[in-house]
Amino acid sequence: MDLKVMRRQSSQSTRTDPQNYSLSSGAGAGAGGGEKRSGLNMNMVGSMGFLVAGLMALSLLITFGVVFRDQPSHQMPMPDVSQSQTAAFQQKPQQPGSSDDLSMSVDALKDKLLGGLLASGFDEGSCLSRYQSVLYRKALQHKPSSHLLARLRKYEALHKQCGPNTELYNKTIDQLKSGNNIGSLDCNYVVWISFSGLGNRILSLASTFLYALLTQRVLLVDKGADMGDLFCEPFPDNSWLLPHDFPLNQFNEFNEKSPHSYGNMLKNKLISQNMNSGSAGLLPVYAYLHLAHNYDDYDKLFFCEQDQLLLQRIPWLILRSDNYFVPSLFLIPLFEEELSQLFPGKDTVFHHLGRYLFHPSNLVWGLITRFYQAYLANAKERIGIQIRVFDTRTGPFQYVLDQILACAWNERLLPNVTLEAVASTMSRRAKAVLITSLSSGYYENIRNMYWEYPTVSGEIVSVYQPSHEEYQQTEKQMHNVKAWAEMYLLSLTDLLVTSSWSTFGYVAQGLGGLKPWILYKPENQTAPDPPCCRAMSMEPCFHAPPFYDCKAKAGTDTGLLVPHVRHCEDMSWGLKLVQPDEL
């Protein structure tokens, strides 16, 4: 259908979701009357009558059971957070999908540890998502390397030994308070500062954890406003959350101007890359790493090998970032061999680390599972569409809608619609479209289109949107709870369309192991042509990489140095990891 059909205003659309309407029909049974009755025994007739009536009643019961069993709810299920959640979350989850999926899920349950990625022994009730997520995903497509599994187990032992409130932790805290760097310790740390929007936080935290693995440091997490409410603890035996009495807890004082930043200490010649191993007493006991989007050339020296050798001798590192800086870690020769063993598939870094680290809390998991079971479980195919709009005017915008539909139709992700009558069958399972956007306008237009017009293929398309917050509210807990639930729901789809520059979409594609179709960023309020492209890999994009050759001490294009680090599809100056033999 011509896209002009869609040019009506969404403000006139009804709030009732047409996809939640079902037409039901019951089958009746009748008896033919052509038989002679005069010779029949009346007791036998009466008995047969009771038998027929009983069979008819049983038939009706079965019919109504089938008709009403799978009726979807008319409203998105929301948690009652005012009451104890224990009873709601203690229930055994309903199996998503059809009876065919049930047999698959039994096999999947055998690998609830995701190929050994997850450790066993957690209290399952405290974090239902950790071991239940396998029920909602396809079979494991990308298996973690044995080296990664060994390193994770080794890290967990280190975290148990050096984590918060242990004897070794308290010993290093005493040294931190003294301000004296006395040299090598049993435990060294990197503290991640909670900063920026939720998508950025997830990506930067995964990057920081990889850095901790590479440098044998213990990762401690600033709880911020809501980290403890959104995520389960990922490590057994000890928390990853920084204790409230940590002596350097005024994190708002750490920024690009901080005198304790590594870049500023280099710039002011307080420390030098040439300091020898015997000069520990001249090094600070901690350094602040400013790796946010506004970092300068001195801060970017973090990605040079000589600087990494120097940083290894500083016990405490405090890190702030809103970037997925993993691609540039792959360009540091010091880490090259270890990274190649950890990730033989270069495009699986966030996929594995994200599934290892980020398990939705029980509150968030309830939102995810109830929505999935109500709207997505019975679809034959699930398509996710993540919409981020940079236009600051009040939407929705026709050019954005045109771009979304052009991408979905051109790439055959969704069927086109027609003005002609098309036969459809009641038994055909629908395609389910999950839309996430701050605005409800795009959902309403696409939903109404698939209600008002048949598809050319006769397929039924159901369209759903969990929430529409209208604008980003990073500091509000429930806003972030919904955002995390929607990222995770998108990761459970079969096909995914994402928006350029969006960390929200990056998280979804990485967790789901999906190579999305990326909507190009519109210019001048015009839908791009082509509207979208297929991503090279499921890895997120590093939006603010350094362009510096550490050996030559000169600028260079870091997207051309190695075959597995390329420029991003959606941001020409960004960097992302790819698997060269799959391009």
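Just so you know, these numbers use all the heavy atoms, side chains as well, and skip hydrogens, waters and symmetry mates. Sequential numbering from 1 along the given sequence is applied to the chain's residues.
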- Message: Donor-acceptor check, side chain of S328 to backbone of F325, threshold 3.5 angstrom: yes or no?
- Response: no

- Who pairs with H142 by ring pair (Phe, Tyr, Trp, His ring centres under 6.0 Å), at least two apart in sequence or on another chain? H351

- In Y488, W365, W484, the residue satisfying ring pair (Phe, Tyr, Trp, His ring centres under 6.0 Å) with F231 is W484

- Item | Note: R534-E569 ion pair, threshold 4.0 Å (strictly below) | no

- Task: State yes or no: are the ring centers of H159 and F235 separated by less than 6.0 Å?
- Result: yes

- Residue pairs passing the salt bridge (Lys or Arg N to Asp or Glu O under 4.0 Å) test with at least one member in residues 548-564, sequence neighbours excluded, are none

- Query: For F343, is the NZ or CZ atom of R151 found under 6.0 angstrom from the centre of its six-membered ring and inside 45 degrees of the ring axis?
  - Reply: no

- Message: Checking R137 against S491: is there a side-chain donor and acceptor pair closer than 3.5 Å?
- Response: yes

- Query: So, for S239 and P164, which heavy atoms are closest and what is the spacing to 0.1 Å?
  - Reply: O-CD, 3.3 Å

- Query: Within 45° of the axis and under 6.0 Å from the centre of the six-membered ring of F330, does NZ or CZ of K346 qualify?
  - Reply: no

- Any donor and acceptor pair, going by atom type alone, linking the side chain of T166 with main-chain N or O of Y169 inside 3.5 Å? yes

- Message: Is it the case that the side chain of Q525 and the backbone of Y399 share a donor-acceptor pair, with hydrogens and angles ignored and the cut-off at 3.5 Å?
- Response: no

- Item | Side chains of Y262 and L317 in contact at under 4.5 Å (non-hydrogen atoms) | no

- Query: Taking E539 for the side chain and V349 for the main chain, is one N or O donor matched with an acceptor at less than 3.5 Å?
  - Reply: yes

- Ring centre gap for H290 and Y288 strictly below 6.0 Å: yes

- Item | Ring centres under 6.0 angstrom apart (F209, Y155) | yes

- Taking every non-hydrogen atom, the tightest pair across N264 and S258: ND2-O, 2.8 Å

- Side-chain donor or acceptor of S321 paired with backbone N/O of L291 under 3.5 Å: yes

- On the 0 to 90° scale, with breaks at 30° and 60°, tag the F254-F251 ring pair as parallel, tilted or perpendicular. tilted

- Between H147 and E338, a side-chain donor and acceptor under 3.5 Å: yes

- Please check if the side chain of N362 supplies one atom and the backbone of L128 the other of a donor-acceptor pair under 3.5 Å. yes

- Message: Tell me the closest heavy-atom pair linking P516 and Q509, and the distance in Å.
- Response: CG-OE1, 3.1 Å

- Message: Y506 vs W501, test: ring pair (Phe, Tyr, Trp, His ring centres under 6.0 Å). Steps then yes/no.
- Response: CA-CA 9 Å; Y506 295 160; W501 298 18; over 10 Å; no

- Item | Criterion side-chain hydrogen bond (donor to acceptor under 3.5 Å, both in side chains) on Q386 and S502, from CA distance to verdict | CA-CA 9 Å; Q386 181 263 327; S502 175; 2.9 Å; yes

- Electrostatic pair K267:D296 at N-O distance under 4.0 angstrom: yes

- Task: Using distance alone, with no hydrogens and no angle criterion, decide if Q175 and N180 have a side-chain donor and acceptor under 3.5 Å apart.
- Result: no

- Query: Are K576 and D347 close enough for a salt bridge, meaning some N to O gap below 4.0 Å?
  - Reply: no

- State whether the side chain of S537 and the backbone N or O of L577 hold a donor-acceptor pair below 3.5 Å, judged by distance alone. yes

- Task: Please check if any side-chain donor atom of S204 sits under 3.5 Å from a side-chain acceptor atom of W192, or the reverse.
- Result: yes

- Query: Hey, are K515 and E582 close enough for a salt bridge, meaning a charged N less than 4.0 Å from a carboxylate O?
  - Reply: no

- Task: Determine, stepwise, if the pair L357 / F350 fulfils side-chain contact (heavy atoms from CB on, under 4.5 Å).
- Result: CA-CA 10 Å; L357 287 174; F350 182 75; over 6 Å; no

- Where does the angle between the aromatic ring planes of F303 and Y295 fall among parallel (under 30°), tilted (30 to 60°) and perpendicular (over 60°)? perpendicular

- Message: For the backbone of R393 and the side chain of D391, can you confirm whether one donor and one acceptor N or O come within less than 3.5 Å of each other?
- Response: yes

- More than 12 heavy atoms from other groups under 6.0 Å of NZ on K521: yes

- Message: Which residues pass the disulfide bond (SG atoms under 2.5 Å apart) test with C533, not counting sequence neighbours?
- Response: none

- Task: Could you go through the ring pair (Phe, Tyr, Trp, His ring centres under 6.0 Å) check for W573 and F542 one step at a time?
- Result: CA-CA 9 Å; W573 60 89; F542 182 7; over 10 Å; no

- Message: Quiz question: by atom type and distance under 3.5 Å, do the side chains of T503 and N200 form a donor-acceptor pair?
- Response: yes

- Between L329 and F302 the two heavy atoms that sit nearest each other are CD2-CE2, 4.3 Å

- Item | side-chain hydrogen bond (donor to acceptor under 3.5 Å, both in side chains) between N188 and Q216, intermediate numbers included | CA-CA 7 Å; N188 294 309; Q216 287 76 52; over 6 Å; no

- Item | Atom of C232, atom of S126 and distance for their closest heavy-atom approach | SG-O, 4.4 Å

- Message: Give me the atom names and distance for the closest heavy-atom approach of P563 to V578.
- Response: O-CG2, 3.7 Å

- For residues Q341 and S145, is any side-chain donor paired with an opposing acceptor at under 3.5 Å? no

